[in-house]
Amino acid sequence: ETVSITDLLYGMILPSGADATIAVVQYVAGNEDTFVDMMNDKAAELGMTHTHFTNSTGLFDEQHYSTAVDIAMLMKEVMQNTICRKILSTVEYTTTSTQQHPGGILLQSTTFSRMYGTEVSGIEIIAGKTGFHDQAMQCLASYARAVDGKEYVLITAHAATDMDPIRDAFAIYGTITGTYAMPTDLESRTTTTASDVYVIVTDEYGALVTDENGEIATQLAVSSETTE
């Protein structure tokens with residue numbers, strides 16, 4: 001079966017298809033080791049200093065790691081690419097007809113199967129990518145645009161259920177617009193933990209700002225004490 005690169009890209013992103021990912025890896029680099037080297041080169045180029053890749057599909061490995069800030073930098077870069085932005089914003093897509101699949105294959109976005117993106121008044125989540133393995137648990141990289149035209153990246157990880165990152169996104173984006181309330185049942189819980197949310201600082205042109213040590217600058221967006 002011959003499949004287009006476009007269809008494979010949708011297969012990689014919408015349902016997180018590792019089979020589609022490996023096919024693209026083989027096409028682009030010939031083997032995974034070479035492709036992983038390309039991934040690490042790109043990470044270094046983007047300034048992702050706390051990231052190291054060992055595979056193309058995100059399988060757990062102690063030497064395969066990143067941070068929320070680094071993934072935010074990657075998401076920001078990805079959304080500047082017209083094709084990637086379109087795919088990450090797609091709800092569903094039907095692949096091109098082939099002899100084996102004359103009607104194509106319907107692919108659905110895991111992200112947008114869990115939300116519409118318009119739940120928070122004044123800001124719309126226009127793109128997203130979920131992720132999961134036992135160590136990182138439920139993760140979400142999302143991209144949102146407010147009514148004033150400003151765009152935001154949010155990365156969350158280590159959530160217990162597949163809907164927790166979605167609810168977290170609503171609540172955190174709601175701190176920007178003041179239109180989505182944080183959970184109100186926290187007093188009924190018993191274990192107290194502190195939760196600080198930081199955002200990457202950019203200048204008026206959208207470029208990343210670094211501090212005196214050359215690190216990506218962040219600022220506290222919301223600090224809360226929760227119980228569970």
Side-chain angles (χ1 to χ4, degrees), residues 5-6 8-89 109-111 126-144 151-159 165 169 197-203 205-219 221:
I5 290 295
T6 297
L8 289 173
L9 291 174
Y10 277 99
M12 289 171 59
I13 299 300
L14 300 192
S16 299
D19 49 355
T21 301
I22 294 300
V24 170
V25 166
Q26 294 293 330
Y27 178 82
V28 171
N31 62 79
E32 187 165 32
D33 288 343
T34 301
F35 192 86
V36 168
D37 287 342
M38 295 169 66
M39 293 170 64
N40 284 316
D41 288 345
K42 175 56 75 171
E45 178 186 327
L46 296 177
M48 297 168 62
T49 56
H50 301 290
T51 294
H52 182 260
F53 299 117
T54 62
N55 63 77
S56 62
T57 54
L59 293 176
F60 175 73
D61 184 290
E62 289 186 355
Q63 296 305 312
H64 184 101
Y65 55 82
S66 190
T67 65
V69 170
D70 277 10
I71 296 299
M73 294 165 61
L74 178 61
M75 186 67 169
K76 182 177 184 291
E77 177 72 14
V78 164
M79 290 296 287
Q80 308 311 307
N81 181 289
T82 303
I83 295 174
C84 293
R85 189 182 183 101
K86 179 180 179 182
I87 295 173
L88 285 162
S89 303
S109 166
T110 305
T111 300
I126 61 174
K129 177 71 184 74
T130 59
F132 173 83
H133 60 58
D134 289 341
Q135 289 74 21
M137 301 175 66
Q138 298 288 345
C139 306
L140 176 66
S142 61
Y143 198 92
E151 296 186 337
Y152 300 85
V153 177
L154 173 64
I155 312 298
T156 59
H158 214 255
V197 177
Y198 289 84
V199 296
I200 294 175
V201 178
T202 59
D203 62 21
Y205 303 106
L208 296 175
V209 175
T210 56
D211 60 22
E212 62 275 10
N213 297 317
E215 297 288 332
I216 301 299
T218 61
Q219 65 183 20

Student: Which atom pair, heavy atoms only, marks the closest approach of G11 to A20?
Tutor: C-CB, 3.8 Å

Student: Using the test side-chain contact (heavy atoms from CB on, under 4.5 Å), find all partners of D37 that sit at least two apart in sequence or belong to another chain.
Tutor: none

Student: Any heavy-atom pair between the side chains of M48 and L74 that's under 4.5 Å?
Tutor: yes

Student: What residues, two or more places apart in sequence or in another chain, satisfy side-chain contact (heavy atoms from CB on, under 4.5 Å) together with A18?
Tutor: T57

Student: Return the set of residues passing side-chain hydrogen bond (donor to acceptor under 3.5 Å, both in side chains) with S16 (not counting sequence neighbours), or none when no residue passes.
Tutor: K129

Student: Applying side-chain hydrogen bond (donor to acceptor under 3.5 Å, both in side chains), name anything that partners Q26, two or more places apart in sequence or on another chain.
Tutor: none

Student: With sequence neighbours left out, write down each residue that passes ring pair (Phe, Tyr, Trp, His ring centres under 6.0 Å) with H158, or none if nothing qualifies.
Tutor: none

Student: With side-chain contact (heavy atoms from CB on, under 4.5 Å) as the criterion, how do V36 and N40 come out once you've worked through the C-alpha distance, each side chain's angles and the decisive distance to 0.1 Å?
Tutor: CA-CA 6 Å; V36 168; N40 284 316; 3.7 Å; yes

Student: A157: what forms a side-chain contact (heavy atoms from CB on, under 4.5 Å) with it, not counting sequence neighbours?
Tutor: C139

Student: Between atom CD1 of I126 and atom OG of S89, what is the distance when rounded to the nearest 0.5 Å?
Tutor: 5.0 Å

Student: Excluding sequence neighbours, so at least two apart, what forms side-chain hydrogen bond (donor to acceptor under 3.5 Å, both in side chains) with S56?
Tutor: E32

Student: Which pair of heavy atoms, one from N55 and one from M39, lies closest together, and at what distance?
Tutor: O-CE, 3.6 Å

Student: Under the ring pair (Phe, Tyr, Trp, His ring centres under 6.0 Å) test, which residues partner Y152, sequence neighbours left out?
Tutor: none

Student: If you measure from CD1 on I71 to OG1 on T51, what distance do you get to the nearest 0.5 Å?
Tutor: 5.5 Å

Student: Report the distance from atom OG1 of T67 to atom CD1 of I155, rounding to the nearest 0.5 Å.
Tutor: 9.5 Å

Student: Of the non-hydrogen atoms in M75 and Y143, which two are nearest, and what is the gap between them?
Tutor: CE-CB, 4.0 Å

Student: Quick one: does M73's side chain get under 4.5 Å of V153's, heavy atoms only?
Tutor: no

Student: Would you please name every residue forming a side-chain hydrogen bond (donor to acceptor under 3.5 Å, both in side chains) with T21, sequence neighbours left out?
Tutor: none

Student: List the atom of I87, the atom of L14, and the distance in Å for their closest heavy-atom pair.
Tutor: O-CD2, 3.6 Å

Student: Quick check: closest heavy atoms across N81 and I83, and the distance to 0.1 Å?
Tutor: OD1-N, 3.0 Å

Student: Could you tell me the separation between the CZ atom of F53 and the CG atom of D41, rounded to the nearest 0.5 Å?
Tutor: 11.5 Å

Student: Side-chain contact test, heavy atoms from C-beta onward, threshold under 4.5 Å: evaluate it for Y10 versus K86 and give yes or no.
Tutor: yes

Student: State which residues pass side-chain contact (heavy atoms from CB on, under 4.5 Å) with T54; sequence neighbours excluded, sorted by chain then number.
Tutor: H52, D61, Q63, H64

Student: For E62, what residues pass the salt bridge (Lys or Arg N to Asp or Glu O under 4.0 Å) criterion, not counting sequence neighbours?
Tutor: none

Student: Could you go step by step and tell me if Y27 and I5 meet the side-chain contact (heavy atoms from CB on, under 4.5 Å) rule?
Tutor: CA-CA 9 Å; Y27 178 82; I5 290 295; 3.5 Å; yes

Student: Tell me the side chain to side chain donor-acceptor pair (under 3.5 Å) pairs involving residues 130-139, sequence neighbours left out?
Tutor: H133-Q135

